[in-house]
**Q** 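My questions will all concern the structure given below.
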Number of protein chains: 2
Amino acid sequence: MERSFQQTLGGGTAVAPADTRARVIRAAAELFAARGFAGTSISAIREASGTRSSSIYWEFGSKEGILAAVLEDAATRWHEHAFSEARRIDAECTADGPARLTAFLEALADALAARPEFLRLLLLLALERRDVDARSLQAIRNVRQRAVEDLAQFFIESGIAANLRPGLDLMELARGSLAFFDGSFIAAQIDPETTDLRRAFSLVRLGFAAFVRDTHHGGDDA
Amino acid sequence: MERSFQQTLGGGTAVAPADTRARVIRAAAELFAARGFAGTSISAIREASGTRSSSIYWEFGSKEGILAAVLEDAATRWHEHAFSEARRIDAECTADGPARLTAFLEALADALAARPEFLRLLLLLALERRDVDARSLQAIRNVRQRAVEDLAQFFIESGIAANLRPGLDLMELARGSLAFFDGSFIAAQIDPETTDLRRAFSLVRLGFAAFVRDTHHGGDDA
DNA sequence: TGTCTGCTGGAACGATCGTTCCATGCGGCG
DNA sequence: CGCCGCATGGAACGATCGTTCCAGCAGACA
């Protein structure tokens with residue numbers, strides 16, 4: 001039987017279950033990101049987390065339950081790590097326009113390079129479980145939608161979106177940027193030694209010059 | 001025991017094994033692309049291809065052998081389909097510069113949309129089996145490298161690469177384009193109803209305006 | 001025609017899969 | 001202290017996994 005969905009708030013918890021839960025989620029996230037959902041066995045999660053199968057099933061109910069918990073945890077963790085980190089660096093940036101965009105892109109690339117597990121998990125599961133599980137796919141869609149909105153918000157705040165080409169949607173620009181980020185990240189995963197994520201991300205900045213009307217003062221460094 | 005690695009050339013083949021081989025490769029390719037390698041069982045391949053396990057193991061030796069054959073077959077098939085198709089349309093195009101680039105990008109997007117299994121297979125396996133099988137990963141790297149070279153070749157022929165910004169490598173531009181293609185394709189896989197691949201690919205054309213010095217005559221349609 | 005070789009049909013192998021069961025331990029509460 | 005309920009340890013479940021074995025059949029070659 002599965003434990004209640006509520007995370008034992010307030011009431012007297014007998015033994016600390018948070019340890020088990022957190023350890024399983026961490027181990028499962030790494031394994032899922034590395035080998036995929038189908039390629040990860042409960043035994044592997046059990047060994048990596050130092051728990052027993054019965055505890056895992058008590059906490060999560062099924063393998064799908066582990067995946068749901070992992071996705072939920074990773075989504076919040078990712079958002080706190082990557083975007084908040086990029087926004088924090090952005091807040092320190094006094095410049096505006098291209099220079100500010102550069103700092104933001106580099107911060108994003110560094111955050112991705114430092115903790116690649118989440119984006120790996122996201123993309124791998126999106127491809128692997130496309131027609132399998134609607135719930136996990138929806139969770140992935142939500143994370144991506146939020147990333148697009150955050151990007152659009154940054155474009156507005158940094159003044160890039162102020163003078164877009166006519167006929168070019170801001171959301172479309174954000175989606176395109178996200179697509180380029182994803183593709184560059186995958187390229188870095190496939191051959192890591194020949195791909196520099198920071199350098200790749202900086203290409204976006206150059207590309208942006210084509211989408212805004214020329215009002216800023218050039219800024220054409222390499 | 002596995003059959004000889006050579007594909008029974010010239011010698012008298014008793015019963016036609018090509019049927020079995022082709023059917024297994026086709027079925028396995030679809031299943032791998034949809035569910036991943038670990039998520040696809042021999043039983044599923046056996047049922048989808050209408051063969052028996054013993055025939056599969058006689059032909060391919062192991063599940064890894066199936067994967068190797070699928071990748072090899074898909075690589076050539078992909079290159080014939082997508083890039084040759086795009087080049088064929090390109091050969092019919094009398095224009096040059098941005099218009100020619102547009103036709104090429106749309107042809108590429110259509111080819112991807114018409115047969116998405118291969119790129120799905122490529123990206124899924126690249127993420128799923130990154131630290132598992134070096135051989136299949138190398139095959140994937142080869143396909144991508146060839147795609148980058150083909151892109152670069154097209155950039156040269158269509159006159160786009162003639163006047164690149166200083167400090168910007170042609171190969172880097174081709175790799176960036178490939179990354180954007182991959183990311184857009186994944187976006188189309190995750191939420192197909194809100195993503196138009198042709199439209200997304202056409203963004204590349206706009207972005208290119210930023211990477212070449214302005215010599216052509218504008219060309220700023222939506 | 002007889003033999004040889006290539007390939008198939010069908011059953012089976014041990015291992016591992018996800019999952020369940022139950023006895024046991026260990027808190028909090030009366 | 002004794003009861004209760006959450007959580008664990010350990011063993012086991014049937015199903016399915018990838019793989020193997022072998023008898024049998026159909027052309028090729030003599």
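Note: hydrogens, waters and symmetry copies are ignored here, and every other heavy atom, side chains too, is used.
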**Q** Within residues 30-42 of chain A, find the residues that approach DNA chain C with a heavy atom at under 4.0 Å, and present them sorted by residue number.
**A**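 Only A:Thr40, A:Ser41, A:Ile42 qualify.
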**Q** Look at A:Ser43 and C:dC17 and indicate whether a side-chain polar atom (N or O) is within less than 4.0 Å of OP1 or OP2.
**A**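 Indeed, a polar side-chain atom of A:Ser43 lies that close.
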**Q** Nearest to the side chain of B:Thr20, heavy atoms from C-beta on, is which of D:dT19, C:dT8, C:dG18?
**A**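 For B:Thr20, the side-chain atoms sit closest to C:dT8.
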**Q** Looking at residues at least two apart in the chain, or sitting in another chain, which of them share a ring pair (Phe, Tyr, Trp, His ring centres under 6.0 Å) with A:Phe201?
**A**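 Per chain and number, A:Phe201 pairs via ring pair (Phe, Tyr, Trp, His ring centres under 6.0 Å) with A:Phe181.
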**Q** Establish, from distance only, whether the side-chain atoms of A:Gln153 and A:Glu149 form a donor-acceptor pair under 3.5 Å.
**A**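 There is no such pair (donor and acceptor under 3.5 Å, judged by atom type) between the side chains of A:Gln153 and A:Glu149.
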**Q** Round to the nearest Å and state the distance from A:Ile56 atom CD1 to C:dT20 atom P.
**A**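 Those two atoms, CD1 and P, are 14 Å apart.
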**Q** Between B:Ser41 and B:Ser43, does any side-chain donor sit less than 3.5 Å from a side-chain acceptor?
**A**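 On atom types as modelled, these side chains do not qualify, holding no pair under 3.5 Å.
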**Q** What is the distance, to the nearest angstrom, from the NZ atom on B:Lys63 to the P atom on D:dC17?
**A**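 Atom-to-atom, B:Lys63 to D:dC17, this comes out as 9 Å.
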**Q** Does B:Phe185 have any ring pair (Phe, Tyr, Trp, His ring centres under 6.0 Å) partners at least two apart in sequence or in another chain, and if so, which?
**A**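 For B:Phe185, no residue satisfies ring pair (Phe, Tyr, Trp, His ring centres under 6.0 Å) once neighbours in sequence are set aside.
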**Q** Report the distance from atom CD of A:Glu64 to atom C1' of C:dG18, rounded to the nearest whole Å.
**A**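 Distance check: A:Glu64 CD to C:dG18 C1' gives 11 Å.
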**Q** Nearest to the side chain of A:Trp58, which nucleotide is it out of D:dC17, C:dC7, D:dA7?
**A**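 Looking only at side-chain atoms, A:Trp58 lies closest to D:dA7.
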**Q** What pairs meet the salt bridge (charged side-chain N to carboxylate O under 4.0 Å, His left out) rule with one or both residues in residues 32-51 of chain A, with sequence neighbours excluded?
**A**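 Applying salt bridge (charged side-chain N to carboxylate O under 4.0 Å, His left out) to every pair that reaches into residues 32-51 of chain A, excluding sequence neighbours, yields nothing.
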**Q** Grab the N/O contacts between the protein and nucleotides 9-13 of chain D below 3.5 Å, and write none if there aren't any.
**A**
from, atom 1, to, atom 2, distance (Å)
D:dG9, N7, A:Ser54, OG, 2.8
D:dG10, OP2, A:Arg52, NH1, 2.5
D:dG10, O6, A:Ser54, OG, 3.4

**Q** Could you tell me how far apart B:Arg21 (CZ) and C:dG6 (C1') are, to the nearest whole angstrom?
**A**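 Rounded to the whole Å, the gap is 15 Å.
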**Q** Does A:Phe180 have any ring pair (Phe, Tyr, Trp, His ring centres under 6.0 Å) partners at least two apart in sequence or in another chain, and if so, which?
**A**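 Ring pair (Phe, Tyr, Trp, His ring centres under 6.0 Å) check on A:Phe180 returns nothing, list empty.
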**Q** Can you tell me how far P of D:dT8 sits from CZ of A:Phe60, to the nearest Å?
**A**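 Atom-to-atom, A:Phe60 to D:dT8, this comes out as 10 Å.
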**Q** Which whole-number value in Å describes the distance from A:Glu59 CD to D:dC6 P?
**A**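 Taking atom P of D:dC6 as the reference, CD of A:Glu59 is at 13 Å.
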**Q** Less than 3.5 Å apart, any donor N or O on the side chain of A:Arg141 or A:Gln138 sitting next to an acceptor on the other?
**A**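 Yes, A:Gln138 and A:Arg141 have a side-chain donor paired with an acceptor closer than 3.5 Å.
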**Q** About how many Å separate OG of A:Ser158 and CZ of A:Phe104, when rounded to the nearest 0.5 Å?
**A**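 Here the rounded value is 8.5 Å.
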**Q** Among the candidates C:dT20, D:dG18, C:dG6, find the nucleotide nearest to the side-chain atoms of A:Tyr57.
**A**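 Minimum distance to the A:Tyr57 side chain belongs to C:dT20.
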**Q** Hey, are A:Arg26 and A:Glu30 close enough for a salt bridge, meaning a charged N less than 4.0 Å from a carboxylate O?
**A**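 Here A:Arg26 does not pair with A:Glu30 in a salt bridge, since their nearest N and O are not under 4.0 Å apart.
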